[in-house]
S.K.: 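One structure follows; several queries about it will come next.
Along the sequence shown, residues carry numbers from 1.
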Amino acid sequence: MTSVRHGHHPRGGEPSPPRLRPPAYRVSPRAIAHWAIEYLLVWGLLFGLALGVAAWIGDSGWSALPGWLSDRVRLLPHAVGGAGLLMVAVAPVWRYRVHRWEVSADVLYTRTGWFSREWLLVPVSRIQTVDTEQGWIERLLGLATIEVNTASHTGSSELSGLPVGVATRLAEDLAHRAHDLRDDAT
């Protein structure tokens with residue numbers, strides 16, 4: 001029987017990186033709509049700005065831009081609109097597939113991101129505050145965000161896309177556990 005000690009590969013060579021399993025729970029499927037609406041609002045604003053810039057530069061005959069660029073400025077709204085549609089259609093579903101959470105006896109474990117991924121393990125004993133937030137889009141969709149704060153900024157975590165009932169129960173549970181652990185330590 002071969003055993004691996006201290007992160008070394010059993011056959012020598014480089015240590016193998018630790019593998020984290022995905023946390024057990026997904027956020028609510030309504031989070032897809034939440035993120036899509038947020039992206040739509042941001043990209044809609046950018047599209048409007050691109051239309052304004054293209055109209056202003058195209059109508060003013062502004063000569064500060066090179067000719068090849070001012071001739072193509074009318075394409076700017078198309079490029080921004082295409083990128084925005086892609087983001088609205090793809091990013092929320094992609095984020096949903098990645099965002100997960102789990103609470104064990106002594107740690108809150110989250111995985112977030114969509115281009116870059118972040119795995120965060122927050123010891124329950126380090127939790128100082130647990131806040132529940134709801135923006136207007138979250139209120140419309142019955143969702144909430146939990147913000148878990150520790151003494152260290154890097155140990156803090158945010159978990160969005162939870163149903164309101166789950167978020168409320170989870171926040172209360174984490175706050176009670178953290179309080180009980182602090183009382184046991186004194």
Side-chain angles (χ1 to χ4, degrees), residues 17 19-23 25-102 108-122 129-150 152-168 170-171:
R19 292 187 160 265
L20 290 175
R21 66 168 176 75
Y25 305 108
R26 287 189 186 272
V27 297
S28 170
R30 291 185 307 238
I32 296 171
H34 174 226
W35 294 322
I37 292 167
E38 283 182 342
Y39 289 137
L40 187 62
L41 292 173
V42 169
W43 283 93
L45 177 64
L46 291 174
F47 179 73
L49 288 171
L51 275 174
V53 166
W56 177 65
I57 291 175
D59 291 344
S60 70
W62 195 44
S63 62
L65 293 175
W68 63 270
L69 186 56
S70 62
D71 292 343
R72 291 178 179 85
V73 75
R74 70 188 187 299
L75 298 175
L76 181 63
H78 298 287
V80 170
L85 287 175
L86 185 64
M87 287 291 289
V88 169
V90 174
V93 175
W94 193 341
R95 280 181 71 179
Y96 174 74
R97 291 176 51 110
V98 173
H99 279 95
R100 291 176 163 273
W101 65 278
E102 181 177 341
L108 168 64
Y109 175 28
T110 61
R111 184 180 73 184
T112 58
W114 59 286
F115 271 126
S116 61
R117 305 252 169 103
E118 180 179 55
W119 288 263
L120 192 59
L121 298 144
V122 178
T129 61
V130 182
D131 301 314
T132 306
E133 302 171 349
Q134 257 191 320
W136 67 273
I137 299 170
E138 288 175 310
R139 264 192 312 251
L140 286 173
L141 297 170
L143 298 173
T145 296
I146 291 180
E147 192 172 311
V148 177
N149 297 299
T150 64
S152 165
H153 170 70
T154 57
S156 298
S157 180
E158 182 177 281
L159 184 56
S160 63
L162 296 175
V164 173
V166 171
T168 303
L170 183 59

S.K.: Determine the minimum heavy-atom distance between Y39 and A91, stating which atoms define it.
M.R.: CE1-CB, 3.5 Å
S.K.: When rounded to the nearest 0.5 angstrom, what is the spacing between CH2 in W136 and CG in L141?
M.R.: 9.0 Å
S.K.: Suppose we call two aromatic rings close when their centres sit under 6.0 Å apart. Are W94 and H99 close by that rule?
M.R.: no
S.K.: Heavy atoms, side chains only, cut-off 4.5 Å: are D131 and I146 in contact?
M.R.: no
S.K.: Show the nearest heavy-atom pair for residues R30 and G142, with the distance to one decimal.
M.R.: NH2-O, 3.3 Å
S.K.: Measure the OG1-CG distance between T168 and L162 for me, rounded to the nearest 0.5 Å.
M.R.: 9.5 Å
S.K.: Any chance you could measure E147, atom CD, to E158, atom CD, to the nearest 0.5 Å?
M.R.: 5.5 Å
S.K.: Side-chain contact, heavy-atom cut-off 4.5 Å: L41 with I137?
M.R.: yes
S.K.: Return the CG to CG distance between L45 and L40, rounded to the nearest 0.5 Å.
M.R.: 11.5 Å
S.K.: Distance from L51 atom CG to L76 atom CG, nearest 0.5 Å?
M.R.: 8.5 Å
S.K.: Report the distance from atom OG1 of T110 to atom CG of L121, rounding to the nearest 0.5 Å.
M.R.: 7.5 Å
S.K.: Under a 3.5 Å distance rule, please check whether R26 uses its side chain to pair with a backbone N or O of R100 as donor and acceptor.
M.R.: no
S.K.: Are R111 and V98 close enough that some pair of their side-chain heavy atoms sits under 4.5 Å apart?
M.R.: yes
S.K.: Compare every heavy atom of P92 with every heavy atom of A89, then report the nearest pair and how far apart it is.
M.R.: C-CD, 4.4 Å
S.K.: Could you check if a side-chain atom of V80 sits within less than 4.5 angstrom of a side-chain atom of W43, using non-hydrogen atoms only?
M.R.: yes
S.K.: How close do V122 and S157 get, heavy atom to heavy atom, and via which atoms?
M.R.: CG2-CB, 3.9 Å
S.K.: For the pair L108 and V148, evaluate side chain to side chain contact (heavy atoms under 4.5 Å, CB included) and give the outcome as yes or no after the intermediate values.
M.R.: CA-CA 9 Å; L108 168 64; V148 177; 3.6 Å; yes
S.K.: Counting N and O atoms only, with roles assigned by atom type, does the side chain of E138 sit under 3.5 Å from a partner on the main chain of G161, one being a donor and the other an acceptor?
M.R.: no
S.K.: In terms of side-chain geometry, is the basic nitrogen of R21 or E102 positioned less than 4.0 Å from the acidic oxygen of its partner?
M.R.: yes
S.K.: Considering only heavy atoms from C-beta outward, does the side chain of V164 approach that of L143 to under 4.5 Å?
M.R.: no
S.K.: Just so I know, are the side chains of W101 and L170 near enough to count as touching, which here means a heavy-atom distance under 4.5 Å?
M.R.: yes
S.K.: List the steps and the verdict of side chain to side chain contact (heavy atoms under 4.5 Å, CB included) for V27 and W35.
M.R.: CA-CA 12 Å; V27 297; W35 294 322; 4.0 Å; yes
